[in-house]
Amino acid sequence: MKRARLRWNGDAALRGTRAGAIRGLRLAAEYVLERSRARVPIEEATLERSGVATVDEQSMTAAVSYDTPYAVAQHERLDYHHDAGRTAKYLEGPMAEEAGNVGEIIAAQVRRSLRG
């Protein structure tokens with residue numbers, strides 16, 4: 001009977017996994033922001049330029065937001081008319097459509113961090 005010895009360095013594995021997940025969240029949020037910017041209604045591009053992707057490392061959450069007084073109205077009002085390719089729901093649409101890719105981006109970074 002052969003015996004094997006395994007040394008599990010759980011603390012290092014968890015640190016690496018967490019770092020990979022945070023990196024994945026950041027890349028995924030930037031990905032969604034890029035997709036969203038392609039749809040943001042454009043008049044003077046102020047709304048488009050106000051878009052940011054952020055990550056809260058404590059809670060391990062990512063956010064994509066736009067910061068203009070009219071960002072919510074432009075997002076929610078389906079009766080507004082926009083240039084071709086520009087739409088309401090410019091954030092909600094990409095978030096839903098890219099959910100699979102977002103998960104893959106995060107998973108790839110976690111896998112990468114576990115390789116060392």
Side-chain angles (χ1 to χ4, degrees):
M1 174 186 227
K2 278 188 150 183
R3 289 184 166 227
R5 177 172 251 168
L6 173 67
R7 177 182 283 181
W8 172 248
N9 193 346
D11 289 340
L14 287 176
R15 279 192 305 273
T17 302
R18 182 175 176 78
I22 290 169
R23 188 172 49 250
L25 283 169
R26 184 165 288 112
L27 291 172
E30 290 289 337
Y31 177 78
V32 170
L33 177 61
E34 176 189 315
R35 297 290 192 230
S36 176
R37 280 183 168 151
R39 294 187 189 183
V40 168
I42 292 182
E43 186 74 31
E44 297 174 355
T46 304
L47 180 57
E48 181 183 9
R49 287 191 306 268
S50 75
V52 294
T54 57
V55 173
D56 182 338
E57 294 185 12
Q58 276 303 102
S59 64
M60 295 193 52
T61 56
V64 176
S65 62
Y66 288 87
D67 186 22
T68 66
Y70 49 88
V72 172
Q74 285 287 341
H75 190 269
E76 297 299 321
R77 295 284 306 262
L78 301 177
D79 58 326
Y80 284 2
H81 296 281
H82 304 291
D83 293 340
R86 305 297 175 158
T87 66
K89 305 292 184 183
Y90 52 85
L91 186 53
E92 184 179 324
M95 286 286 291
E97 295 161 12
E98 301 295 338
N101 288 332
V102 165
E104 286 299 319
I105 290 168
I106 296 168
Q109 293 305 312
V110 171
R111 281 192 304 271
R112 183 176 179 196
S113 72
L114 292 174
R115 278 189 237 137

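For clarity, every value in this text was computed on a predicted model and none was experimentally measured. Numbering starts at 1 and runs along the sequence shown.
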With a 4.5 Å cut-off on side-chain heavy-atom distances among I, L, V, M, F, W and Y, is there a chain of contacts connecting [X] to [Y]?
X	Y	answer
Ile106	Met60	yes
Tyr70	Val52	no
Leu33	Met95	yes

Looking only at non-hydrogen atoms, find the nearest pair between [X] and [Y] and report the distance.
X	Y	result
Pro94	Leu91	CD-O, 3.3 Å
Ala73	Tyr80	O-CE2, 3.9 Å
Tyr66	Val40	OH-CG2, 3.4 Å
Asp83	Ile42	OD2-O, 3.7 Å
Ala29	Ala62	CB-CB, 4.0 Å
Arg23	Gln109	NE-OE1, 2.7 Å

For the atom pair [atom1] ([X]) and [atom2] ([Y]), what is the distance rounded to the nearest 0.5 Å?
X	Y	atom1	atom2	value
Ile105	Leu27	CD1	CG	7.0 Å
Thr54	Leu25	OG1	CG	10.5 Å
Thr61	Ile22	OG1	CD1	10.0 Å
Glu104	Arg111	CD	CZ	6.0 Å

What verdict does the side chain to side chain contact (heavy atoms under 4.5 Å, CB included) test give for Glu44 and Arg49, after you've listed the backbone C-alpha separation in whole Å, the side-chain angles of each residue and the deciding distance to 0.1 Å? CA-CA 10 Å; Glu44 297 174 355; Arg49 287 191 306 268; 5.7 Å; no

Name of the residue among Glu48, Glu98, Glu97 meeting salt bridge (Lys or Arg N to Asp or Glu O under 4.0 Å) with Arg39: Glu97

Hey, are Glu30 and Arg37 close enough for a salt bridge, meaning a charged N less than 4.0 Å from a carboxylate O? no

